[in-house]
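What follows is a single structure, written as structure tokens, with notes after it.
Predicted model, so just to flag it, every value in this text is computed and none were measured.
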Amino acid sequence: MYLRGLTARIDQGAGWCGVFWQRDPEGMTACLDGREVPPWDVVEALLQDLAAAHGPERATWETGRARALYRASVRVHDAVPGGREALVDRIDVMAREQRGATDRLRELAGRLDAATTREDAEPVQRDLAWARDDYDRATARVAELRSRLADLGGPEAAPPAPRTRGGRADASPAPAAPAKKRKRGGARFAGLPEDDTPVPPDQPSTPVAEPDVATPRGARFAGAEQDVPVAPAPPQVDSTARAHIAATVHTLVRHRTEGRSGDAHIVLVDAAHGPAAHLPPLAAELHRAGLGADWATLLWEAASLPPGRVVAVADALAAAGRDADARQLLRQGVARPPAEIGDAVGLLHADGRRREAQTLLDAYVRSRTPEEAARSAEGDPGRLVPLVAEAARAVSGERYRDVLHALRVAGLTV
């Protein structure tokens, strides 16, 4: 079996494989025995371990082979009788995992905001690294499962009600553990005790965020520099848009009442990709309907949009007086690799969209480490280094000095 062969070539007590065995041995055994198909993100994590053990070239070749085998495996797995129902159940489970991770992130963000010293912040930052990873993997799995369901022609039909504990809905593939085993939330495994939580292998060991969490600038945020164009107010939604918003909320209420979390999540994803001007009134209607948790999920979905689009949504929220949501969206939206942020800032700036570029970079420099801020300039130092330095200067003198030092260490000069 391919998965057994892959794990035989890596150290099963180290890296992601070691974490998998520590947090969900039953799920790993089920996958290795062929009783469950592991989520693709699990396979990718094991391939990262392979790259560490045998070099990236070997892992790159192996990834193509693994992807082909994985696709063939899920086609066979999903085509069996009951396969479609199992997928719908899994979407429901992972949507709940995603909401749990969202709640955890909101809780930890509040604790990080309240931290006054680095000693207070570091354990929260460690937990944030896990919670972000939990959320990212749950989100990826929902998308993967939806794609598999679409291949079966399934999204149009109504899914069945969630099954009871102990049924298929709780038999989650590694590393997502059955809900009954959970000590705390997480999309990957049964949770570890709070005093035994490692740093995720693919996360930096340095803090992932600083206690002075971002306050947006530009686009109606306090602190925008006067020479940066202010975005125009988003257009008022018309009666057609309001009818669409009302229908969206009605649909969500029906799905939640009927326990159809998978369908509810699809509605939220679609809404996140809709017009930015629709989101503030949608937020108000969701809260009015008692669906505040769904609004939190929608914000996380919006944070995964292209960076320029994230700024546009933050603009719309701030213009509507939802400053806290705008700040949260930007903070979540910059949780990306430095190179991706740098590319986005460079493209926005080259396109004449200086305000959007500055807003994005400001949020990144405020909420990520100085080393990450410096790495965001590596793709185009001539353009990006001055922008990164100016964004750091706007935060504080200390942050400016830290970022300048990180830029020099990275071989980048202002």
Side-chain angles (χ1 to χ4, degrees), residues 56 132 202-204 206-210 212-232 234 276 302-319 326-414:
R132 285 172 179 153
D202 61 356
Q203 296 286 344
T206 54
V208 296
E210 295 293 326
D212 54 336
V213 176
T215 299
R217 299 164 56 241
R220 312 186 185 287
F221 298 116
E225 295 188 13
Q226 294 182 356
D227 63 343
V228 178
V230 176
S304 67
L305 295 169
R309 165 80 173 157
V310 170
V311 174
V313 174
D315 283 343
L317 292 170
R327 287 194 295 271
Q328 179 180 334
L329 176 64
L330 284 175
R331 182 172 57 225
Q332 295 165 351
V334 297
R336 304 167 189 248
E340 184 177 341
I341 293 294
D343 289 345
V345 170
L347 288 172
L348 289 169
H349 204 270
D351 198 35
R353 299 164 64 184
R354 295 178 56 220
R355 184 195 54 77
E356 290 94 333
Q358 180 176 313
T359 301
L360 181 65
L361 189 56
D362 181 88
Y364 193 73
V365 170
R366 286 175 180 267
S367 62
R368 310 303 289 181
T369 66
E371 292 75 19
E372 289 172 310
R375 290 202 302 273
S376 72
E378 290 177 342
D380 186 2
R383 182 195 301 272
L384 295 175
V385 167
L387 296 177
V388 169
E390 283 306 309
R393 189 195 302 272
V395 175
S396 68
E398 180 181 3
R399 179 52 59 89
Y400 179 60
R401 290 188 295 274
D402 289 345
V403 170
L404 284 185
H405 175 72
L407 286 168
R408 294 190 187 102
V409 169
L412 305 171
T413 56
V414 181

Scanning both residues in full, the closest heavy-atom pair of A276 with A312 reads CB-O, 4.0 Å
List the steps and the verdict of side-chain contact (heavy atoms from CB on, under 4.5 Å) for L387 and H349.
CA-CA 10 Å; L387 296 177; H349 204 270; 3.8 Å; yes
Closest non-hydrogen contact found for A406 with P370 is CB-O, 3.5 Å
For L347 and R353, what are the C-alpha separation, side-chain angles and deciding distance, and is it a side-chain contact (heavy atoms from CB on, under 4.5 Å)?
CA-CA 9 Å; L347 288 172; R353 299 164 64 184; over 6 Å; no
To the nearest 0.5 Å, atom OG of S367 lies from atom CD of Q332 at 10.5 Å
Tightest non-hydrogen contact, residues A344 and L360, listed as CB-CD2, 3.9 Å
To the nearest 0.5 Å, atom CG of D380 lies from atom CG of D343 at 9.0 Å
| field | Atom CD of E398 with >12 non-hydrogen neighbours under 6.0 angstrom | value | no
(message) Set out, in order, the CA-CA distance, both residues' side-chain angles and the distance that settles side-chain contact (heavy atoms from CB on, under 4.5 Å) for Y400 and L404, then state yes or no.
(response) CA-CA 6 Å; Y400 179 60; L404 284 185; 3.4 Å; yes
Practice prompt. Taking R399 for its side chain and V365 for its backbone only, find out whether a donor-acceptor pair lies under 3.5 Å.
Written response: yes
Heavy-atom nearest pair, P307 first then R336, reads CD-NH1, 3.8 Å
Is E372 reaching over with its side chain to a backbone N or O of T369, donor-acceptor style, under 3.5 angstrom? yes
The reported gap from CG in L384 to CG in L361 (rounded to nearest 0.5 angstrom) is 7.5 Å
Looking only at heavy atoms, the pair that brings V403 and A373 closest together is CG2-CB, 4.4 Å
Nearest heavy-atom contact between E378 and A410 is OE2-CB, 4.3 Å
> Should R393 and E390 count as an ion pair when the cut-off is N to O under 4.0 Å?
Replying inline: yes
Rounding to 0.5 Å, atoms CG (L407) and CD (E371) come to a distance of 10.0 Å
Tested for side chain to side chain contact (heavy atoms under 4.5 Å, CB included) against T359, the lone hit among L348, V345, V311 is V311
Exercise. Apply side-chain contact (heavy atoms from CB on, under 4.5 Å) to V388 and S376, showing your working.
Key: CA-CA 8 Å; V388 169; S376 72; 3.7 Å; yes
